[in-house]
Trainee: 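Once you've had a glance at the structure underneath, I'll fire off some questions.
These numbers come from the heavy atoms of this one structure, side chains and all, not from hydrogens, waters or symmetry mates.
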Amino acid sequence: MRVVAETRPDVVLLDVEIPGDEVTETVGRIRELSPHSGIIILSMYDGPHLLTRLLSAGIRGYLLKSVHRHELISAVRSVHEEPSRLVLAVSRSSLARVEAPSAGVLSEKELEVLQLAAQALSNNQIARRLGLAEATVKRHMRNIFVKLNAASRIDAVNKALAASLIPPQSRGGED
């Protein structure tokens with residue numbers, strides 16, 4: 001944690017078996033100390049439950065320790081160069097059993113951010129409106145994408161509207 005706080009790395013490789021806190025707590029602490037850092041988990045465990053929890057915590061990659069060196073290097077580059085990309089190297093059966101958390105798990109702040117995104121506000125505009133750092137808004141959007149299994153802002157808004165998470169007037173852009 002000290003190194004993350006001091007260096008604010010672009011990418012953090014984290015072994016799921018790291019001593020100390022439970023890995024999802026460690027991921028949360030890293031997200032707080034360095035919100036822009038992309039976190040890639042290395043694991044021997046190929047089960048959907050841990051993967052689902054870690055995706056909800058905001059990781060950007062989950063790789064089995066059996067990946068080849070070139071796949072690991074590619075994943076690090078991908079997470080560094082493409083902030084919206086999620087890199088997974090797990091079995092098909094595990095991925096098929098991963099369920100995105102239900103839409104009801106959006107936090108109050110995530111709902112606020114999504115309502116403003118529905119009004120076509122930029123991350124910067126949302127941050128100023130809510131008194132947050134832009135990196136915090138980006139983290140909320142990333143969490144929304146994972147929780148709603150959305151590919152884009154528009155997809156997230158459409159899924160939220162379909163699930164009645166946000167009112168239809170949020171889309172109007174009254175500002």
Trainee: Is the number of heavy atoms from other residues, nucleotides or ligands within 6.0 Å of CD (Glu17) greater than 12?
Mentor: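 12 or below, so no.
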
Trainee: Distance from Leu114 atom CG to Ile166 atom CD1, nearest 0.5 Å?
Mentor: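 Answer for the CG-CD1 pair, Leu114 versus Ile166, is 4.5 Å.
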
Trainee: Apart from Ile73 itself, what residues make up its hydrophobic cluster, given side-chain heavy atom links below 4.5 Å?
Mentor: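 Joined to Ile73, directly or through intermediates: none.
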
Trainee: Does the Arg60 side chain pair with the main chain of Arg85, one donor and one acceptor, at a distance under 3.5 Å?
Mentor: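 Yes, Arg60 side chain to Arg85 backbone: donor-acceptor pair under 3.5 Å.
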
Trainee: Return the minimal non-hydrogen interatomic distance between Glu71 and His68, and the atom names on each side.
Mentor: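 The answer is OE1-N, 2.7 Å.
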
Trainee: Of Met1, Arg8, Glu6, which meets side-chain contact (heavy atoms from CB on, under 4.5 Å) against Ser34?
Mentor: Arg8

Trainee: Is there a side-chain contact between Glu110 and Asn143, using heavy atoms and a 4.5 Å cut-off?
Mentor: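 Yes, close enough: below the 4.5 Å cut-off.
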
Trainee: Does some side-chain heavy atom of Lys109 sit less than 4.5 Å from a side-chain heavy atom of Leu132?
Mentor: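 A side-chain contact exists here, since the closest heavy-atom pair is under 4.5 Å.
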
Trainee: Linking I/L/V/M/F/W/Y whenever their side-chain heavy atoms sit closer than 4.5 Å, directly or via other members, would Ile144 and Leu130 fall into one cluster?
Mentor: yes

Trainee: Donor-acceptor pair, Thr7 side chain versus Val3 backbone, under 3.5 Å?
Mentor: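 Here the side-chain-to-backbone pair exists.
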
Trainee: Could you walk me through whether Gln119 and Leu116 pass the side chain to side chain contact (heavy atoms under 4.5 Å, CB included) test, one step at a time?
Mentor: CA-CA 5 Å; Gln119 297 173 21; Leu116 294 172; 4.0 Å; yes

Trainee: If hydrophobic clusters are built from ILVMFWY residues whose side chains come within less than 4.5 Å, do Leu64 and Val87 share one?
Mentor: no

Trainee: What's the separation between atom CG in Asn124 and atom CD in Glu134, rounded to the nearest 0.5 Å?
Mentor: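 It comes to 4.5 Å.
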
Trainee: In the structure I gave you, are the side-chain heavy atoms of Val113 and Thr136 within less than 4.5 Å of one another anywhere?
Mentor: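 No, side chains not in contact.
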
Trainee: Are Ile59 and Val4 connected in a single hydrophobic cluster, I mean Ile/Leu/Val/Met/Phe/Trp/Tyr linked by side-chain heavy atoms less than 4.5 Å apart?
Mentor: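 Looking at the clustering, Ile59 is in the same group as Val4.
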
Trainee: Calculate, to the nearest 0.5 Å, the distance between atoms CG and OH belonging to Leu86 and Tyr62 respectively.
Mentor: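 With rounding to 0.5 Å, CG (Leu86) is 12.5 Å from OH (Tyr62).
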
Trainee: OG/Ser122 to CZ/Arg153 distance, rounded to the nearest 0.5 angstrom?
Mentor: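 Here the rounded value is 7.5 Å.
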
Trainee: Quick one: does Arg129's side chain get under 4.5 Å of Ile126's, heavy atoms only?
Mentor: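 Not touching, per the 4.5 Å side-chain cut-off.
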
Trainee: Would Val16 and Leu13 show up in the same hydrophobic cluster when neighbours are defined by side-chain heavy atoms closer than 4.5 Å?
Mentor: no

Trainee: Nearest 0.5 Å please: distance from the CG atom of Leu88 over to the CD1 atom of Ile40.
Mentor: 10.5 Å

Trainee: Quick one: does Arg31's side chain get under 4.5 Å of Ile39's, heavy atoms only?
Mentor: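 Result yes, sub-4.5 Å side-chain heavy-atom pair found.
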
Trainee: Are any of the side-chain heavy atoms of Leu121 and Arg128 separated by less than 4.5 Å?
Mentor: no

Trainee: Count the heavy atoms belonging to other residues, nucleotides or ligands that lie under 6.0 Å from CD of Glu108, then report whether that count exceeds 12.
Mentor: no

Trainee: Is Arg29 atom CZ crowded by more than 12 heavy atoms from other residues, nucleotides or ligands, each under 6.0 Å away?
Mentor: no

Trainee: For a 4.5 angstrom cut-off between non-hydrogen side-chain atoms, does Leu14 reach Ile30?
Mentor: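 Of all side-chain heavy-atom pairs linking Ile30 with Leu14, at least one is under 4.5 Å.
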
Trainee: Let me check something: do Leu63 and Val79 share a hydrophobic cluster, defined by ILVMFWY side-chain heavy atoms less than 4.5 Å apart, either directly or through other members?
Mentor: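 Result: yes, single cluster for both.
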
Trainee: Quick one: pull up NE2 in His36 and CG in Asp10 and give me the separation to the nearest 0.5 Å.
Mentor: 5.0 Å

Trainee: So do Leu148 and Leu106 actually touch side chain to side chain, heavy atoms under 4.5 Å?
Mentor: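 SC-SC contact between Leu106 and Leu148 confirmed.
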
